**Q** 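I am attaching a structure below and will ask some questions about it afterwards.
Residue numbers begin at 1 in each chain, while the letters A, B, ... track the order of the sequences. This structure is a prediction, so every number in the text was calculated from the model and none was measured.
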2 protein chains.
Amino acid sequence: MRSLRNWSLVIAGVVTAIALSFNASADGRAVTLMPFPASFKAANGRVALTSTTTVALRGVQDARIRAAVNRVMRRLEGRTGLLLQRAFSTDASAATIVVDCQAPGATIPSLDEDESYTLTASGSQVVLKAPTVVGGIRGLETLLQLINGDASGSYIPYVEIQDKPRFRWRGLLIDVGRHFEPVEVIKRQLDGMAAVKLNVLHFHLSEDQGFRVESLKYPKLHEMGSDGDYYTQAQLRDIVEYAAQRGIRVVPEFDMPGHVTSWVVGYPELASAPGPYSIARGFGVFDPAFDPTKESTYKFIDTFIGEMVKLFPDPYWHIGGDENNGKQWAANPKIRAFMEERKIKDAHELQTYFNQRLLPILKKHGKRMMGWDEIFQPGLPRETVVHSWRGQQSLFEAAKQGYDGVLSAGYYIDLLESAARHYAVDPLPANSGLTDEQAKHILGGEATMWGEWVGPETIDSRIWPRAAAIAERFWSPREVNDVDQMYRRLEWISVQLEELGLTHERNRDVLLRRLVGNRDVSTLKVLADVVEPVKGYQRGGQQKWSTLGPLTHLVDAVSVDNPGAMQVRRQIDDFLNSVPNAELPAQLRATFTRWRDNSRDFDMLVTRAAGLAEVRPLSDDLAALGAVGLDALAMLSLNAAPTDARRDEMIAILDRAARPKAALEFPFLPMFREMVFATTMQAEKKTLTLVEWRARVRAAANPPRRGRGAGQ
Amino acid sequence: MRSLRNWSLVIAGVVTAIALSFNASADGRAVTLMPFPASFKAANGRVALTSTTTVALRGVQDARIRAAVNRVMRRLEGRTGLLLQRAFSTDASAATIVVDCQAPGATIPSLDEDESYTLTASGSQVVLKAPTVVGGIRGLETLLQLINGDASGSYIPYVEIQDKPRFRWRGLLIDVGRHFEPVEVIKRQLDGMAAVKLNVLHFHLSEDQGFRVESLKYPKLHEMGSDGDYYTQAQLRDIVEYAAQRGIRVVPEFDMPGHVTSWVVGYPELASAPGPYSIARGFGVFDPAFDPTKESTYKFIDTFIGEMVKLFPDPYWHIGGDENNGKQWAANPKIRAFMEERKIKDAHELQTYFNQRLLPILKKHGKRMMGWDEIFQPGLPRETVVHSWRGQQSLFEAAKQGYDGVLSAGYYIDLLESAARHYAVDPLPANSGLTDEQAKHILGGEATMWGEWVGPETIDSRIWPRAAAIAERFWSPREVNDVDQMYRRLEWISVQLEELGLTHERNRDVLLRRLVGNRDVSTLKVLADVVEPVKGYQRGGQQKWSTLGPLTHLVDAVSVDNPGAMQVRRQIDDFLNSVPNAELPAQLRATFTRWRDNSRDFDMLVTRAAGLAEVRPLSDDLAALGAVGLDALAMLSLNAAPTDARRDEMIAILDRAARPKAALEFPFLPMFREMVFATTMQAEKKTLTLVEWRARVRAAANPPRRGRGAGQ
């Protein structure tokens, strides 16, 4: 490696105080790496990328690294517009980019794979070194994120990066049970995962609403349980191989003993009640559960898993085990008798019995058992991996007892919480209370894309870009945690993810155009830019729960972290903080005026777009908010207070707007309330510090009873 | 059928004068049908679509019509937001929508299929009747295009439609030889084709640049000729079946004896010169040609076609036959000797000999031969179909001699001409000079998507929405030819096509975001909204010709009929015509000001986006045009003329802007020139009619030598 001068030292994760400098390389340009590396240094200088740029392989030259380099070079060409040499250079000392992997790594991607790498750009060369091909693949993505350009051309800035993951298990769960996702949808998620260094696809393949795998042993599973929407075995092999090429493991989940309605449509004898059954269309917890007392159940499972292990080579096997309500068990006299006979006192213990029966079957097929944290019951075999969805405590508790664990609580991306919220959740926070030895049992985490409300057209925007922020949490040092910087980098990464075919940005306008019926979505955008989907499980309270319903509503179009709403919130905040920005009042005035005046155009739009009728009340709310906002701005700049009547009227408007409609809400509303309440509290401002005054206004505007939405 | 009152009669194709009323249904709403039906009547009233809407099948109830209805109902749900019953209603008299096909039609879609249908919405029912399932499938697409909605809900307006195609052969050629297109790309084109009633996928499967079909008999074809980018036989069967489900024929083309470089990479013995060969990367006409003098050539072709006919059941077989430059033949002494021996006097005759040898091979395999119009030579077997790409005359000439023909001249959508230009080309114009009997030989036409400059990310925007306008030309009566109305309907149809997964609208911003690197494309859009790709074969003169080059330039992003550019052109035209619109001068002033002031932001952008350096000169041009435009507006409103110096300066700016850069041009420029020249010709205006004055200005601004771009 050439000697480097003039390094500006930025080691992430060591000194939080210098985290601010994440954002700039030595030449003052944005560093848009995500996940941010364990160690990053920048220097003045660049390695130019031109049409004579060449790539050489040193060390391992197997098919996987060659294919990975080729894919990355095509993306580099796409970003830079350059046409590069197709052949690898045979002269590594003269090549622009050198990829040097020491070993091919495991053929089947492994939890124990060394994914570290170093990346150095200096002199006229970029050198990527890694102990394994998977490390090389991780580093190649970093290399792509480093590409920069100006009028004189594209380049890689001088850097020295030493990187490795904080956690070994960095997963994304995709639930294809509730809504099926075709192969190409899964493949582009795998590409996105690789781009942000996620390494486990947790493939949730069976649900009450659908059984998604072709079984030759039990064909009625996919024939009667899938509406024809399932993966053939050839397609699954293809997906697993596609993932392996990217250093991604595929861990299948066949949820049992609950969540099995789609199984028992074709094989009712597996259930604990006679049936007949039909595929579930609604959402929630359903009664059907395997009968754990019949030997035939285990024989079926044994044969089924025996068939499936040929498709899924990963040593881990997820058995689900969640949300069995026990109703069928309690209602079945034979099962009750079985429990009495064996002194099994409740459904939990019976499920533990079931799990204990599964264990030798999995072992026989060479698999290690993993399940949701309901299975964490006394007697759970020690080699089981506990997957925590209900909270971090069960994970820590399990670790203390020597169980390996993976965290998903806090990473439920289907609940449409902000990236910031997920980003703040750490699988292993400093205050976990675990010893170093116990902490080793925390393998990592998984973002979960549950499938109730997503289809092929919308799933990308429910995964991305937020999953990239979670990927950083799993990969980067704990101290990489500045939210504003995360959002700034996320915007760049989000656009880069599009080159992989991901549709999270592009399909927003597609859905808006469909709602309007033609290309002019400007009126609808005034509203769409400032609303967000309701969070958590609220949508089901507002729209019909069915896997068959169309996912083409406005709520399906709008972003989770809607940039327009975030901007309004920030601008009001700055305004109330008297940030010196002369344009701020005019900008807010323009925004509020646009809101106020949009409703007439919106009403016109509804006269030819039936799908917008449900969001018209939101448009009315927005118009009213615009008028209130203009009033509030005027009063604040004149130091005038509203009359009591006007104040009550304004608060009534705020309260009405706070009620979600069409599964949408105004995420800036708590901040907006502060602005309105501030008009009545201007006298207090004189006697308080700004911070004190803001705190009082905040408390008055959003008293604690308003719940977690307050103060955002 | 219920009796209908209050019909407003609009029979397309009978009275051109009433073509203007195409645009409105009885309640004054836009009718956005494309292709427009042979006969269309509207009445006041509507059939409401609600969550209780049901569908019943009468007549044929086979798998194909059931699947087609299901697909259409899912799209209906997507557009309306409704969740409908999944099961078909068993009570046709009470169902909202009744689909009544008399016969299943040919299992393999046929040129002779009856595609007609009638569609009546009256009372509370929509009834679709058709003699065949394919006719039913065509009518279902019309039904979808009729969906309308307002605040009270979605509905189908009362209509009575009797429809049938004008031509039987309505094709789209997709060249996957030069750039490969994955299966899902082809499938979404098939969906788009079905939506606008195109019925032939002409699949151009082999080229100098790639051989795209798996051959088990001759595996070196795809192994050595495709870079790994080919369709497996299973995938091709899947595509053919997918097309058949939509009533679309798949006619394969294996181009020979020229355009065969990719074949002879693996099998050099087929060529007329010894080789070795490598896959072509550039574009144009290459030398390699099959050796027509060797019996082994025909044996190879026979075996190959024998294998391929199992994949492609359509009775037509396209042999290409175009652009063989004859160089290899002329240089080969054995071939020269062969010609002398048989008194074959030139390459044309030798190619006719080759075709005559192909004919019995094709016949043996049950295929009818089709080829490009080069094959139309004396001695061409009469059953051959002539596919005209060089002009309409060869088509008419062939028809006179009794050959069937298909027209592609005028429909080369890869040349990026406006939809209007293609729309104006009629396969059988009133002045064709053909007798009715001869005219029957004109089977129809095909739009051709040649693959030099398209990849999976961009091909959609090069096919759509223009192919929809061509589809109307092939389907609708000759008299449906109003360009403005075509464009108005095209905008609606274009948005509807997106629901099929087509990316022609959505990927524009994807490419812009990639060029900029992040989400804010506003500065780039000021330019991107008013430029268009250069037309014809000009791009190759501006950018490197290679199948390997990235298709991520600005030229790949911008639309062919760019709405922004079209608007500027129209506004200037209106302004010069003194159209009474008080806002027009201010609108133009705002546009020109934006152009003028954009270059500073653009220059900033280039300092961090290397890919934009090539378009910076265009941004400079636009800024200069903005300043000129502002000057011209001011002079015209003040009745002032420029000084000679200023006039020369302005013209120099116009001339500079007229030179394409980065394969882009300003399509509004001829109109803009008129505005500038008008400043110098204001005196003449007083003594002339407006029409006369405009004609003089046009002639001065764009003298004929400027070629066909002038006057647009």
**Q** Side chain, backbone, both or neither: which part of B:E499 has a heavy atom under 4.5 Å from chain A?
**A**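 Both parts, backbone and side chain.
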**Q** Specify which of B:V183, B:I493, B:V510 makes the most heavy-atom pairs with chain A at under 4.5 Å.
**A**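 Among B:V183, B:I493, B:V510, the one with the most close pairs to chain A is B:V510.
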**Q** Considering only heavy atoms and a distance below 4.5 Å, find which of B:G81, B:G149, B:P563 pairs most often with chain A.
**A**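 Result: the option with the highest number of such pairs is B:G149.
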**Q** Do you know which of B:L82, B:L605, B:L84, B:L511 has the most heavy-atom pairs under 4.5 Å to chain A?
**A**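 That would be B:L82.
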**Q** Checking heavy atoms, do the side chain of B:V495, its backbone, both or neither come under 4.5 Å from chain A?
**A**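 Contact with chain A involves the side chain of B:V495 alone.
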**Q** Is there a donor in the side chain of A:R608 and an acceptor in the side chain of B:N148, or the other way round, less than 3.5 Å apart?
**A**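 No, no side-chain donor-acceptor contact under 3.5 Å.
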**Q** Identify which of A:P456, A:S154, A:G517 forms the greatest number of heavy-atom pairs closer than 4.5 Å to chain B.
**A**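 So the answer, after comparing A:P456, A:S154, A:G517, is A:G517.
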**Q** Nearest 0.5 Å please: distance from the CG atom of B:D150 over to the CG atom of A:L612.
**A**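 Between B:D150 CG and A:L612 CG, I get 12.0 Å after rounding to 0.5 Å.
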**Q** Do you know which of A:E505, A:E457, A:R508 has the most heavy-atom pairs with chain B at a distance under 4.5 angstrom?
**A**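 Most heavy-atom pairs within the cutoff with chain B belong to A:E505.
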**Q** Any idea which of B:Q496, B:E77, B:R86 has the most non-hydrogen atom pairs under 4.5 angstrom with chain A?
**A**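 Heavy-atom pairs under 4.5 Å are most numerous for B:R86.
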**Q** Tell me, side chain or backbone of B:S546 under 4.5 Å from chain A's heavy atoms, or both, or neither?
**A**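 Side chain only.
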**Q** I'd like to verify something: which residue of A:E184, A:R79, A:R514 has the highest number of heavy-atom pairs under 4.5 Å with chain B?
**A**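 It is A:R514.
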**Q** Does a salt bridge link B:E498 with A:R513, judged by any charged N lying under 4.0 Å from a carboxylate O?
**A**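 Yes, B:E498 and A:R513 are salt-bridged.
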**Q** Among B:N507, B:T80, B:D520, B:L515, which residue forms the greatest number of heavy-atom pairs with chain A at distances under 4.5 Å?
**A**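 Going by pairs under 4.5 Å, I would pick B:N507.
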**Q** In terms of heavy-atom pairs under 4.5 Å with chain A, which of B:L49, B:T552, B:L548, B:V516 leads?
**A**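 Most heavy-atom pairs within the cutoff with chain A belong to B:L548.
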**Q** Mind ranking A:P550, A:G611, A:A151 by heavy-atom pairs under 4.5 Å with chain B and telling me who comes out on top?
**A**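 Answer, by heavy-atom pair count under 4.5 Å with chain B: A:P550.
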**Q** If you measure from CD on A:Q543 to CG on B:L83, what distance do you get to the nearest 0.5 Å?
**A**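 One gets 11.0 Å once the value is rounded to the nearest 0.5 Å.
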**Q** Can you tell me which portion of B:R74 sits under 4.5 Å from chain A's heavy atoms? Options are side chain, backbone, both or neither.
**A**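 Neither part.
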**Q** Give, as side chain, backbone, both or neither, the part of B:S494 having an atom under 4.5 angstrom from any heavy atom of chain A.
**A**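 Interface part for B:S494: side chain.
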**Q** Does any backbone or side-chain atom of B:A609 lie under 4.5 Å from a heavy atom of chain A? Answer side chain, backbone, both or neither.
**A**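 B:A609 touches chain A through backbone heavy atoms alone.
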**Q** Which atoms of B:A613 are under 4.5 Å from chain A, going by heavy atoms: the side chain, the backbone, both sets, or neither?
**A**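 The side chain, not the backbone.
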